[in-house]
Asks: 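Input: one structure, supplied below.
A note on names: the letters A, B, ... follow the listed sequences, proteins ahead of strands, and every chain is numbered from 1.
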Protein chains: 2
Amino acid sequence: MTITIRDVADAAGVSTATVSRALRGLANVDEQTRARVQQVAVDLDYVISPSASRLASGRTGSIGVVTPYIARWFFATVLSGVEGVLQNAGMDLLLMSVSSADGHLRLPPAPRLRRRVDAVLAISLPPDDPQLTEVLALGMPTSLIGTQRAGVPGVTIDDVQAGRMATQHLINLGHTSIGVIGGYQVDALHTAEHDRYRGYVQAMQTANLPVDRNRETYGYFTVTGGEQAMTQLLTHPNRPTAVFVMSDEMAFGAIRAMRAHGLTPGKDISIVGVDNHDLAELLDLSTVAQPVADMGRIAAESLLVQLRTGAANSGLESLQLPTQLIVRGSTAPVA
Amino acid sequence: MTITIRDVADAAGVSTATVSRALRGLANVDEQTRARVQQVAVDLDYVISPSASRLASGRTGSIGVVTPYIARWFFATVLSGVEGVLQNAGMDLLLMSVSSADGHLRLPPAPRLRRRVDAVLAISLPPDDPQLTEVLALGMPTSLIGTQRAGVPGVTIDDVQAGRMATQHLINLGHTSIGVIGGYQVDALHTAEHDRYRGYVQAMQTANLPVDRNRETYGYFTVTGGEQAMTQLLTHPNRPTAVFVMSDEMAFGAIRAMRAHGLTPGKDISIVGVDNHDLAELLDLSTVAQPVADMGRIAAESLLVQLRTGAANSGLESLQLPTQLIVRGSTAPVA
DNA sequence: TACCCTTGCGCAAGCGATTACATGCAACAA
DNA sequence: TTGTTGCATGTAATCGCTTGCGCAAGGGTA
């Protein structure tokens, strides 16, 4: 019924070993033989059995992508970049979401990864996440996206710089009373958010402006989280004239909170986000753009290199991609 | 080094056959034996080799998800629903994007699916897409999401009704001059869009309103596409007072086009979309909500049933989920 | 007591590749 | 001529499970 390497070998008049070598492009196969084998394989509509191949070779030819969310813009966009690269490389992409801060419950990823993938790509897992630690303990090539952890290659943006750029932009517009909206309590910040916060502080201090803890709020890393945080800022007596929001989705929420209070972004309060989310332009949101899909692509690419060159660290310990300030209507000179 | 079923068998004092049966919960295993085997497996930190299991059993334990886009809201949300169900079921999810109308080039999915998955879930592939035909020719259980094709189980919403509801809503508000923005040229519409269009026509005709082809525009199924389409409608002499937009993302674009012309949604022109996109509320967009994540969940669930009960068609030929009109500020009584 | 079923388990034959090792042959140098 | 070397290929062990079949023991039934 389904045809095997045996059938191809017989039809081509060679051994299965030769078929295997020929089809995989290994050296030491006569070009004529190779051509004949390939032809026969096509004629017979032969498809290699991945299971058999995996069992025999010990390689699975697939890589696992571990992410806390699938449907959120950032994650879906990274995933999309990753997928393109892996598809080109002929690798299977095993998608796996893990439990995340907002409590959606999932099985721990490490056991689900063992023996089924050759490498792992982890998107925005906090560097101290025990789940991540377990995954790393598996001992396979792993690459991080969006976070950094010592000894593990990864691609991020320069979050400090991003925070600095955003804040500096507000400062340049004459704002002196600048608030912050982030995703978690300061102490529990992921590296990314923490670094963005550091950038903010740097910019403020360089400009000799006060860093006022009362103008910092944190909520969930969502539209609603941003909305709540902004609402809180607005009801504060010492209301800032500009706010640095650590992600565009939160900024969307912040904008909504403003509207609910009859305020207009850019006019009453300036808002700058980070991401350059698909809809940031639509909402006229100033933001620090990060090359999200590229982060996925590059991380995947580097993982493939790591896989080919043996588990040797692929030179790239950690890569930081450039960001770019995009000025839109949500930021304007202070009144 | 890595421990095998052999090791577990030896340690438990049984044969590998028994270990296999015990661990998989098959019948005809003494409960005491089973318990012992399980304990030993845990103690030894045994993890079954999927490759070996697949090779021996012929089942891959994974299902392929084929989608034209990953990063777009609808697709990412469906995917998220699917992933949850599959993870619970212990199935691997092989993600694969395919080439789509907007020209991103990919390998044909069918060959990449052969022998590596037990079933396929196809998201919003046009029913007459040759790629889909090839996939179906693989002869494995397949389920569709968002589109319908005779003989293939799938889950959709009642798109005709969605179109009707949206249009009727506008009619109820007193609008008589109602335009349409869709994703493609009418003739090339997917079933979903085509049905939504039919719903629109039905509602118009029932209300004895003219269906004016000049008030129909089509662009890409994106924010930009919607923007362009709306721009076109706006420059039209016979400008509609309300527009039914076939997706929220296009509606976002339409809103943007309006703003660019100094018009306000709901005030100058009413806009109603379909989806209830995450950000629809933020943009105050009236829309026909569809349970996107549920579609993914249900389709996945039904596929699992199909898999368990043998390839027998799982009863469910095609399921239609209910939609709900959500009225927000983008629609208002005609001036 | 004799017979039949059921239950629990082991035996061993696959599943379909990969790959270390062996082999044969041609070319080449000594 | 003979010994080396290297290339192209074949042999067969191996990867780690699943599963059809057979067998023994125990319990019911006639």
Asks: Rounding to an integer number of Å, can you tell me how far B/Arg21 CZ sits from C/dC11 P?
Replies: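 It is 11 Å, rounded to the nearest whole Å.
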
Asks: For D/dT11, does either OP1 or OP2 sit under 4.0 Å from a side-chain N or O belonging to A/Ser15?
Replies: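 Negative; the distance criterion is not met.
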
Asks: So which nucleotide from D/dT9, D/dG16, C/dA17 ends up closest to the side chain of A/Val29?
Replies: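 Looking only at heavy atoms from C-beta outward on A/Val29, the closest nucleotide is D/dT9.
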
Asks: Does the B/Asp118 side chain pair with the main chain of B/Gly61, one donor and one acceptor, at a distance under 3.5 Å?
Replies: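 Looks like yes, one N/O pair under 3.5 Å.
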
Asks: Would you indicate which nucleotide in C/dG8, D/dT9, C/dG16 comes nearest to any side-chain atom of B/Asp30?
Replies: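 Selected nucleotide: C/dG8.
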
Asks: Among C/dT18, D/dC17, C/dA17, which is the nearest nucleotide to the side chain of B/Thr4?
Replies: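 Of the candidates, D/dC17 comes closest.
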
Asks: Under a plain distance cut-off of 3.5 Å, with no hydrogens placed, do B/Ser62 and A/Arg116 share a side-chain donor-acceptor pair?
Replies: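 No.
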
Asks: With DNA chain C as reference, determine whether B/Ser57 or B/Arg34 sits nearer its 5' end, using the nearest nucleotide of each.
Replies: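 Nearest-nucleotide comparison on DNA chain C picks B/Arg34.
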
Asks: Between atom CG in A/Asp7 and atom C1' in C/dG16, what is the gap in whole Å?
Replies: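 Computing the A/Asp7:CG to C/dG16:C1' distance gives 11 Å.
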
Asks: Measuring to OP1 and OP2 of D/dT9, would you say a side-chain N or O of A/Thr33 lies under 4.0 angstrom away?
Replies: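 So the side chain of A/Thr33 is within the cut-off, an N or O lying under 4.0 Å from OP1 or OP2 of D/dT9.
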
Asks: Would you please confirm or rule out a distance under 4.0 Å between OP1 or OP2 of D/dG10 and any side-chain N or O of A/Thr16?
Replies: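 Answer no for this pair, as no side-chain N or O of A/Thr16 is under 4.0 Å from OP1 or OP2.
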
Asks: Side chains of B/Arg72 and B/Thr67: is there a donor and an acceptor less than 3.5 Å apart?
Replies: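 Per modelled atom types, B/Arg72 and B/Thr67 side chains form no pair under 3.5 Å.
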
Asks: Under 4.0 Å from OP1 or OP2 of D/dG10: is there any side-chain N or O of A/Thr18 that close?
Replies: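 Yes, within the criterion.
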
Asks: Tell whether B/Arg54 reaches the base of C/dG16 with its side chain through a donor-acceptor pair below 3.5 angstrom.
Replies: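 Answer no: no donor N or O sits under 3.5 Å from an acceptor.
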
Asks: Are OP1 or OP2 of C/dT19 and a side-chain N or O of A/Arg59 less than 4.0 angstrom apart?
Replies: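 Indeed, a polar side-chain atom of A/Arg59 lies that close.
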
Asks: Quick check: on DNA chain C, is the nucleotide nearest B/Val19 upstream (toward 5') of the one nearest B/Leu55, or the reverse? Name the residue that is more 5'.
Replies: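 Its nucleotide being nearer the 5' end, the pick is B/Val19.
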
Asks: Between C/dG8, D/dT18, C/dG16, which nucleotide has the shortest distance from any of its atoms to the side chain of B/Ile5?
Replies: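 Closest nucleotide among those given: D/dT18.
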
Asks: Under a 3.5 Å cutoff, is there a donor and acceptor pairing between the side chains of B/Thr133 and B/Arg149?
Replies: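 There is such a pair (donor and acceptor under 3.5 Å, judged by atom type) between the side chains of B/Thr133 and B/Arg149.
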
Asks: Within less than 4.0 Å of OP1 or OP2 of D/dT18, is there a side-chain N or O belonging to B/Ser53?
Replies: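 The answer is yes; a side-chain N or O of B/Ser53 sits under 4.0 Å from OP1 or OP2.
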
Asks: Which heavy atom in A/Leu138 sits nearest to a heavy atom in A/Ala110, and how many Å separate them?
Replies: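 Taking A/Leu138 first and A/Ala110 second, the nearest heavy atoms are CD2-O, 3.6 Å.
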
Asks: Within less than 4.0 Å of OP1 or OP2 of D/dT19, is there a side-chain N or O belonging to B/Arg24?
Replies: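 B/Arg24 to D/dT19 OP1/OP2: side-chain N or O found under 4.0 Å.
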
